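Take a look at the structure below.
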Amino acid sequence: MRHQDIAAALQDLRDRHRYRQRHLLETPQGVDIVVDGKPYVGFASNDYLGLANHPRLVGAVRDALEKWGLGGGASHLVAGHFALHEEAEAALADFVGMPAALMFGSGYAANQAVITSLVGRGDAVFADRLNHASLNDACLLSRAEFRRFRHNDLEQLEHLLATTPARTRLIAVDAVYSMDGDEAPLKKLQELADKYDSWLYIDDAHGFGVLGEGRGSATEQGLHGERLIYMATLGKAAGVAGAFVAGSAALVAWLVNVARSYIFTTAQPPALAAGVLASLQVMREETWRRQALADRIAQARRGLAEGRFRLAPSRTPIQPIIIGCDEQAMSLAARLKEQGFWVPAIRPPTVPEGTARLRLALSAAHGEEQLERVLSAVLAA
Ligand SMILES: *Cc1c(COP(=O)(O)O)cnc(C)c1O
């Protein structure tokens, strides 16, 4: 793209209803938000447990800032690995029942680290078609053969595994698909990984904090073994920032030694690790949050079933309302906005062509009545 071509390319995006822009959030993250000067009930964040502005998390970070200061100052391998990082990693590993864990500044960086450190030229990675973009980017960057299988199609995956000449294989999936809210068949994937001597890499960005009593999808399904690698982000249900990878101690040591997105980046501020520790405590103690979330999910599904909308096979806080046409999805989102509901329309290329949708994201912090009102507005539209 040359600079003189940018304006026309942006106009083309506008013409195709694909132009993206940011909106100004003027309150903390939560369900009652002010965006661009107007109040809304928000159904757009991944703050599924309502922890992003929880006083215990905020307080823990504030105390840690006083004690440890702000900046990480260096990469983990140079002089940026603080006692709080180490403590949070141990707590995360314990929480998800894995031998070891390693924290990253983002899920995007964690996905790059794992995939590029384990597979390269001559190896093969098998990826679900609906995987998150960060996994796809990591697969491309790895230079391994990148084979995508149809969404949740185990037969196709098995065929690919059975016929690959690659020595190192890695299956990469989202545990909960971010735009559909449905799940990967993890147990069966682990059986295939074991049968064909492949790594199984699970991105649980949307399951951690929510499924398995908060301990995530892999724990809920009782998965374990040295071929299993678990990743979850800490900026969604956990309400903080960053991500972690959990697996064997050997895997973690390998990542520390070779993962470029771990090595060549500055450590997260140590105070954020204090936020992670507080988040794990709140997730353990405030079990009512997951119950409230489950109640809202059931309520949303009952409500949508009454309308003309096809329900997604989702038991998670992600309840998409599939519209199809980009323009219709945009106009429904705009009408909801006028009525004070912030529900994002998701268009291609984030989702496949012809499946533009509203992505209704629920939170433990939503009130029954707030959800009832948005559901009536959707059904009336
Ligand atoms: C959000 C997300 C990521 C990226 O995590 P960040 O911490 O936001 O960089 C990775 N995978 C999935 C499935 C996600 O939803």
Side-chain angles (χ1 to χ4, degrees), residues 20 22 25 29 43-49 51-52 57 72 85 88-89 92 96 101-116 125 127-142 148 151-152 170-184 186 189 200-211 216-218 229-246 255 259-262 265-269 272-273 275-276 279 312 314 316-320 344 346 349-352 357 359-363:
R20 291 156 185 255
R22 299 166 301 168
L25 199 61
Q29 190 57 268
F43 291 92
S45 87
N46 304 307
D47 180 23
Y48 303 126
L49 296 176
L51 300 186
L57 274 64
H85 291 133
E89 287 176 348
L92 286 164
V96 299
L102 184 67
M103 286 203 294
F104 288 83
S106 73
Y108 193 98
N111 281 342
Q112 281 211 355
V114 170
I115 293 178
T116 64
V125 40
D128 190 284
R129 275 219 172 267
L130 295 189
N131 276 355
H132 191 260
S134 60
L135 278 173
N136 292 337
D137 290 1
C139 293
L140 289 172
L141 187 66
S142 75
R148 299 173 81 190
H151 181 48
N152 281 348
L170 184 147
I171 303 167
V173 293
D174 285 16
V176 174
Y177 286 88
S178 52
M179 295 300 144
D180 294 80
D182 66 331
E183 293 161 73
L186 296 181
L189 286 167
L200 174 60
Y201 182 42
I202 298 172
D203 175 339
D204 201 24
H206 300 278
F208 183 71
V210 173
L211 300 176
S217 302
I229 310 168
Y230 179 81
M231 190 285 280
T233 62
L234 296 168
K236 290 174 179 157
V240 191
F244 71 99
V245 172
L255 295 177
R260 301 175 66 83
S261 63
Y262 185 75
T265 195
T266 301
Q268 286 276 86
L272 291 183
V276 169
S279 175
S314 163
T316 69
I318 303 165
Q319 295 292 331
I346 310 283
T350 306
V351 292
R357 66 196 64 187
R359 180 182 184 272
L360 190 70
L362 301 170
S363 163

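What you see is a predicted model, and the numbers here were worked out from it, not measured in a lab. When a ligand or atom number is given, it counts from 1 through the structure's own listing order.
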Under 3.5 Å, is there a donor-acceptor pair between the [X] and [Y] side chains?
{"X": "R359", "Y": "T350", "answer": "no"}
{"X": "H151", "Y": "D182", "answer": "yes"}
{"X": "D47", "Y": "S363", "answer": "no"}

In the protein, what heavy atom is nearest to [atom], and what distance, to one decimal place, separates them?
{"atom": "atom 4 (C) of ligand 1", "result": "Y108 N, 3.7 Å"}
{"atom": "atom 6 (P) of ligand 1", "result": "G107 N, 3.3 Å"}
{"atom": "atom 2 (C) of ligand 1", "result": "K236 NZ, 2.4 Å"}

Set of side chain to side chain contact (heavy atoms under 4.5 Å, CB included) partners for E183, sequence neighbours left out: V176, L211, R315, T316
Quick check on contacts: which atoms of ligand 1 are under 4.0 angstrom from a heavy atom of [X]?
{"X": "S134", "value": "10 (C), 11 (N)"}
{"X": "D203", "value": "10 (C), 11 (N), 12 (C), 13 (C)"}
{"X": "H206", "value": "14 (C), 15 (O)"}

If the condition is salt bridge (charged side-chain N to carboxylate O under 4.0 Å, His left out), which residues does R357 pass it with, not counting sequence neighbours?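 Once residues adjacent in sequence are excluded, the partners of R357 under the salt bridge (charged side-chain N to carboxylate O under 4.0 Å, His left out) criterion are D180.
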Contact between T233 and F244 at the side-chain level, heavy atoms closer than 4.5 Å - yes or no? no
Mind checking whether A243 has a heavy atom under 4.0 Å from ligand 1?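 It does not, in that no heavy atom of A243 comes within the 4.0 Å cut-off of ligand 1.
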